[in-house]
A.B. asks: 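First, the structure itself, so that you have it in front of you.
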Amino acid sequence: MRAQHLAAALALVLLACGAAGEDILIKGGTVVNADRQFQADVLIRGGLIARVGPNLQAERQGTRTLSAAGRLVMPGGIDPHTHLSMPFMGQVTCDDFFSGHAAALAGGTTMHVDFALPVDHDLLAGWDAWQRKAADGVMDYGFHMAVTSWSDKVAADMGTLTKMGVNSFKFFMAYKGALMVNDEQLLQALRRCKELGAVPQVHAENGDAVAEGQARVFAAGITGPEGHALSRPAALEGEATARAIRLAQFVGAPLYVVHVMSRDAAEEVARARQRGQRVVGETVASAIACDESSMWDADFTRAAAFVMSPPIRSKEHQAALQGALAGGLLQLVGTDHAVFNSSQKAAGRHDFRIIPNGVNGLEERLHVVWTELVASGKLAPTDFVRVTSTAAAHIFNVYPRKGLIAKGSDADVIIFDPALEHTLRAAAHHSALDTNIYEGYKARGKVLTTISRGRLVWHEGRLNITRGSGRFVPTPTHGPLYAGLDAVPEHSLFDVARYGGVPVRRAGDAPASGAARDEL
Ligand code: URQ
Ligand code: ZN
Ligand code: ZN
């Protein structure tokens, strides 16, 4: 449904039911949290979950009772990785906070964390710009901030932003000449994140090698979307992931690797976790459900729709990522929803290097993850909730307010029919995008009802949303990734104690205290 049609159609139902007025009672379902599933009813009041238990009765006049018999009642999805109204590669992603949220809610996602970009490398100007963009929103959202340069002001502004409710900062190791930072800047930024108790996130691809790969592939006369896949091999993602992980180890900071698209990167995350390093691996829906062959499609529009970075990989990588998720080596699934419509993508009709990078997924994520991983028996429903909601709530420190069906949590709840089959189509989606990389995808399991902050916003195939009813959710620093981390001695990597300690005392050396050593 095109944006103007969406706005017109939805405007009609605006105001239908905005604030969380009436009580909602969900009867007869199976509640699924990340730790267990159980038969229970759920009573919702004033935007919060008031009761969870057997045989609950309506307590007030006008209570809306919904049957969930034979269905699952789960926490609303949390998408940790989106780009709404983002200026990038000379274009602006065509989903704004209104259409993006509409898509999310129709797909059972009730909160997302969007990447704010600095304006002219100014983080606070970026924050202001993103707050303005979000004014059109209709659901809960948080912000990560990207850091694309380094200076004392950037370091200071990171501190300021943590006081305003941002606890995560992203660093691009690719997009040379645009967003990319070098290792020296990355080290400074990692150290600053540690000081602030903030989550450092990396886009891990070797930007210098990618630039060379692009030049070589284009020079070889390969100008189409398939060139995008060829020019950014998985080894360049593996290398940068390993490098970022080791630099985080050197600084003693946790690390969050966004959009893990390959076995190479997943193995680096797994290896770090195996040696006890606090590294989180986030993959995305397109990586576990799509494969690179689509970029070889003879239809440019279809092929270009799949162009994102790091690239969608082969079926082998897809299987490895599904296995890593099922085995707990990767912790959560986002979307990296960054949509450019076919005319925007056509800017790169004869040069894959300028096709704006990004794919859709906000509305499809839960359906795709359920179909690929739960319906196939690779993942239990409780783990589904963990990788699509609870893990993000934990990592970004908003649990148990978010990511849980329990008394006192925000009433972000979905009713899900695990067996209902349906086909994903652009014609039926709520994004402003005119294509859909999941066109024709046969999904198992469907979100029938979405409740956002106690408001019935998606039900029986209809959206009931109010423009401007979105809400910023601050994400406080010093979340679980930092719990107990201060017990690790500051200079743990510089093993100053070995061989009798340092500095070594030699004849003629001036007497010195250990103070400098302790600054290491
Ligand atoms: O790199 C990202 O995460 C942004 C720029 C979205 N685009 C993409 O291709 N991943
Ligand atoms: Zn990225
Ligand atoms: Zn992204």
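Nothing fancy with the numbering, it's 1 onward along the sequence.
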A.B. asks: Measuring from atom CG of L321 to atom OG1 of T283, what distance do you get when rounded to the nearest 0.5 angstrom?
C.D. replies: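 The distance works out to 4.5 Å.
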A.B. asks: Is a side-chain donor-acceptor pair under 3.5 Å present for E364 with N360?
C.D. replies: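 Present: a donor and an acceptor within the cut-off.
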A.B. asks: Verify the distance criterion only: is there a donor paired with an acceptor across the side chains of Q249 and R246 at less than 3.5 Å?
C.D. replies: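 Note: Q249 and R246 side chains meet the donor-acceptor criterion.
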A.B. asks: For the CE atom of M74 and the CD1 atom of I405, what is their distance to the nearest 0.5 Å?
C.D. replies: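 The CD1 atom of I405 is 9.0 Å from CE of M74, to the nearest 0.5 Å.
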A.B. asks: Would R45 and E59 pass as an ion pair if we require N to O under 4.0 Å?
C.D. replies: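 Yes, this pair counts.
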A.B. asks: May I ask you to check whether T109 and D79 show a side-chain donor-acceptor distance below 3.5 Å?
C.D. replies: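 T109 vs D79: no donor-acceptor pair found between side chains.
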A.B. asks: Centroid-to-centroid, F97 to H112, below 6.0 Å?
C.D. replies: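 Yes: the rings meet the under 6.0 Å criterion.
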A.B. asks: If I take atom CD from residue Q37 and atom CG from residue N33, how far apart are they, to the nearest 0.5 angstrom?
C.D. replies: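 Reported to 0.5 Å precision, the distance equals 10.0 Å.
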A.B. asks: Ignoring hydrogens and angles, state whether a donor on the side chain of E282 or H259 is under 3.5 Å from an acceptor on the partner side chain.
C.D. replies: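 Checked: E282/H259 side chains show no N/O donor-acceptor pair below 3.5 Å.
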A.B. asks: Which residue is it: T93, D114, D95? I am looking for the one with a side chain to side chain donor-acceptor pair (under 3.5 Å) to H337.
C.D. replies: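 The side chain to side chain donor-acceptor pair (under 3.5 Å) with H337 is passed solely by D95 among T93, D114, D95.
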A.B. asks: Can you measure from CG (L330) to CZ (R273) and round to the nearest 0.5 angstrom?
C.D. replies: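 If I round to the nearest 0.5 Å, the distance is 8.5 Å.
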A.B. asks: Do R36 and F38 form a cation-pi contact, if we require the NZ or CZ to be under 6.0 Å from the six-membered ring centre and within 45 degrees of the ring's axis?
C.D. replies: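 Positive - R36 is close enough to the ring of F38 and near enough to its axis.
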A.B. asks: Which donor-acceptor pairs under 3.5 Å do the side chains of residues 394-401 make with protein atoms, sequence neighbours left out?
C.D. replies:
from	atom 1	to	atom 2	distance (Å)
N397	ND2	P476	O	3.1
N397	ND2	T477	O	3.2
R401	NE	D410	OD2	3.0

A.B. asks: Judged by modelled atom types alone, do D412 and S452 share a side-chain donor-acceptor pair under 3.5 Å?
C.D. replies: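 No, no side-chain donor-acceptor contact under 3.5 Å.
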A.B. asks: What distance separates H81 NE2 from H203 NE2, expressed to the nearest 0.5 Å?
C.D. replies: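 Taking NE2 in H81 and NE2 in H203, the distance rounds to 8.5 Å.
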A.B. asks: Output side-chain donor-acceptor pairs under 3.5 Å for residues 442-450, partner residues at least two apart or in another chain, one line each.
C.D. replies:
from	atom 1	to	atom 2	distance (Å)
K442	NZ	T423	OG1	3.4
T449	OG1	H459	ND1	2.8
T450	OG1	L105	O	2.8

A.B. asks: So is K170 actually on top of F115's ring, under 6.0 Å and inside 45° of the axis?
C.D. replies: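 Flagged: K170 positioned over aromatic ring of F115.
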A.B. asks: State the CH2-CD distance between W458 and E363, to the nearest 0.5 angstrom.
C.D. replies: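 The distance works out to 6.5 Å.
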